[in-house]
Asks: 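Please find one structure pasted underneath; my questions will follow.
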Amino acid sequence: MADPKGFMTTPRQDWPRRPVGERVRDWNEVCVPGALLPVIGGQAGRCMDCGIPFCHEACPLGNLIPEWNDLVSREDWRAAADRLHATNNFPEFTGRLCPAPCEAGCVLAINQPAVTIKNVECAIADRAWEEGFAPPSPPDRLSGRTVAVIGSGPTGLAAAQQLTRAGHTVAVYEKDDRVGGLMRYGIPEFKMEKHRLERRLEQMRAEGTRFRTSTTVGRDVDAAGLRARYDAVVIATGATAWRDLAVPGRELAGVHQAMEYLPLANRVCEGDLEVSPLSAAGKHVVIVGGGDTGADCLGTAVREGAASVTQLDIYARPGTERDEDTEPWPTYPVRIYRLSAAHEEARELRTAPAADADARLFAASTLRFTGDADGRVRSLHLAEVDARRRPVPGTARSLPADLVLLALGFRGPDRADGLIDGLGLELEPRGTLARDAGFATNVPGVFAAGDAARGQSLIVWAIAEGRAVAAAVDRFLTGAPSRLPAPIGPYDRPMSV
């Protein structure tokens with residue numbers, strides 16, 4: 001421990017955000033540039049170097065958190081970067097996008113604010129790039145084996161990088177025109193600027209990973225033919241089959257899925273479009289769904305200049321402290337009131353005057369949509385719900401709605417592209433890809449990882465899956481124990497009661 005009394009003498013201090021009035025006028029990341037390094041050493045010094053560090057267990061990557069906290073507090077940035085990259089291929093992504101289950105598992109969090117693990121991670125990752133501590137790591141020699149990775153989200157990229165570094169020749173197939181999956185077109189620019197993704201992709205290209213964009217396996221490329229061309233195939237397409245809302249009026253124009261809306265806003269930031277065809281500018285927007293994707297829609301609509309934005313959450317408003325009976329330490333408290341940057345903006349700008357808090361209406365269920373004579377949505381009708389999510393009589397009301405965004409999560413991989421049927425892959429009853437304890441599907445040489453097999457999850461689980469499936473594929477290709485790390489198994493789940 002660099003400071004044995006740090007957790008008692010130094011209060012928690014998070015990375016400050018830019019003023020709301022400034023940041024909603026651009027698409028840059030919300031935190032103040034350069035404001036993290038002056039405080040991060042003291043924050044790292046709050047780590048207690050626990051004998052049993054539950055932050056390790058809370059993070060599926062097994063990040064060596066006490067080790068790099070100590071190194072940062074001593075300003076040994078190179079060593080800290082080495083320890084961070086030993087378990088995480090993309091810490092600059094997780095440091096910005098992960099909800100930090102490691103902090104929920106921090107021993108200090110039993111009765112005090114947790115160590116700012118996520119901020120420390122981000123500081124190390126950024127410093128590593130600035131100081132040149134993250135050079136390409138091409139293999140010393142090639143194995144002669146080839147692998148196709150289908151999907152370029154965090155799982156696919158992690159698997160590809162690990163397998164490339166092990167000496168295998170890897171090609172990543174991506175259906176979109178750019179690499180990155182949801183990190184490219186699903187995550188708004190204000191949460192992670194895409195130059196960070198481009199920087200990591202250039203590293204991977206320098207290491208030897210090849211990318212094939214605008215290629216949908218199963219449609220543009222025959223799935224069975226692809227399997228025959230490669231020694232192994234990793235399916236990491238994500239869970240892209242979105243959940244819908246079967247209520248009257250769903251067919252009205254102006255009712256869209258969140259993942260129809262967010263990619264277009266990202267394409268504006270990429271320079272592909274001047275204005276999004278689904279822009280919220282001047283519109284009354286209602287977002288159905290209380291999760292992170294809904295918050296991303298909220299922040300995007302605010303920046304596009306919506307007349308109002310309201311977010312509906314079917315669950316009751318949670319408390320500000322974890323419920324120790326249902327979600328005790330060190331589990332990750334799902335039902336807790338959190339104020340994201342987007343909600344902070346909505347609260348200050350009063351985007352939804354009728355909302356309970358910030359822009360959210362809690363315990364609210366959508367009953368139907370109504371529209372005008374041209375078939376465009378104009379109102380959303382809702383009602384309060386009880387603890388069993390049943391409408392409460394006498395609570396029906398309506399909200400003006402020119403644009404409705406459905407952010408209700410995902411069921412599993414989409415079968416429309418023909419990949420699953422083309423390979424004859426078996427599915428679990430819930431719609432995800434079936435696999436065994438070694439990440440292998442029912443088709444020899446074909447492996448499944450990430451949200452496509454696990455179901456919708458966090459970015460740290462996606463990267464952990466990519467690293468673990470890479471080890472499984474390496475074993476399959478070499479016929480010997482792999483030297484690649486396998487942080488999780490396919491049946492591992494987050495800590496729970």
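These values consider heavy atoms only, across backbone and side chains, with no hydrogens, waters or symmetry-generated copies. Nothing here was measured: the structure is a model prediction, and the numbers come from that model.
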Asks: Check whether the side chains of Asp474 and Gln162 place a donor and an acceptor atom closer than 3.5 Å, and report yes or no.
Replies: no
Asks: Do we see a donor-acceptor contact under 3.5 Å between the side chains of Asp296 and Tyr261?
Replies: no
Asks: So, using side chain to side chain donor-acceptor pair (under 3.5 Å) as the criterion, who are the partners of Thr293 when residues are at least two apart?
Replies: none
Asks: Does either side chain, that of Glu174 or that of Thr215, offer a donor lying less than 3.5 Å from an acceptor on the other one?
Replies: no
Asks: Determine, step by step, whether Asp244 and Arg250 satisfy the salt bridge (charged side-chain N to carboxylate O under 4.0 Å, His left out) criterion, reporting the C-alpha distance in whole Å, the side-chain angles of both residues, the deciding distance to 0.1 Å, and the verdict.
Replies: CA-CA 9 Å; Asp244 216 315; Arg250 170 63 182 89; 2.6 Å; yes
Asks: List for me each residue that meets side chain to side chain donor-acceptor pair (under 3.5 Å) alongside Asp372, sequence neighbours excluded, and say none if there are none.
Replies: Arg378
Asks: Would you tell me whether Thr216 and Asp417 have side-chain atoms, one donor and one acceptor, within less than 3.5 Å of each other?
Replies: no
Asks: Which pairs with one or both residues in residues 456-489 pass ring pair (Phe, Tyr, Trp, His ring centres under 6.0 Å), sequence neighbours excluded?
Replies: Phe447-Phe476
Asks: Can you check side-chain hydrogen bond (donor to acceptor under 3.5 Å, both in side chains) on Thr240 and Asp414, steps first, answer last?
Replies: CA-CA 6 Å; Thr240 56; Asp414 192 350; 4.7 Å; no
Asks: Between Arg96 and Asp126, is the salt bridge (charged side-chain N to carboxylate O under 4.0 Å, His left out) condition met? List the steps.
Replies: CA-CA 11 Å; Arg96 288 172 168 82; Asp126 291 352; 2.8 Å; yes
Asks: Can you sort out the partners of Phe93 under ring-ring contact (aromatic ring centres under 6.0 Å, His included), two or more places apart, ordered by chain and number?
Replies: Phe90
Asks: Looking only at side chains, do Gln456 and Asp451 share a donor and an acceptor under 3.5 Å apart?
Replies: no
Asks: Glu189 and Asn266: side-chain donor and acceptor closer than 3.5 Å?
Replies: no
Asks: Could you tell me which residues satisfy side chain to side chain donor-acceptor pair (under 3.5 Å) with Ser214, sequence neighbours excluded, listed by chain and number?
Replies: none
Asks: Using side chain to side chain donor-acceptor pair (under 3.5 Å) as the criterion, list what pairs up with Arg483, not counting sequence neighbours.
Replies: none
Asks: Testing Val443, Leu423, Val469 for side-chain contact (heavy atoms from CB on, under 4.5 Å) with Ile235, which one passes?
Replies: Leu423
Asks: Would Tyr332 and Glu103 count as having a side-chain donor-acceptor pair, cut-off 3.5 Å?
Replies: no
Asks: Please determine if Arg267 forms a cation-pi arrangement with Tyr185, meaning its NZ or CZ atom is less than 6.0 Å from the six-membered ring centre and no more than 45° off the ring axis.
Replies: yes
Asks: Drop me the distance from Cys102's SG to Lys118's NZ, to the nearest 0.5 angstrom.
Replies: 9.0 Å
Asks: Rounded to the nearest 0.5 Å, what separates atom SG in Cys31 from atom CG in Asn119?
Replies: 7.0 Å
Asks: Is a side-chain donor-acceptor pair under 3.5 Å present for Ser143 with Arg145?
Replies: no
Asks: Can you find a side-chain donor-acceptor pair between Thr146 and Thr169 that sits under 3.5 Å?
Replies: no
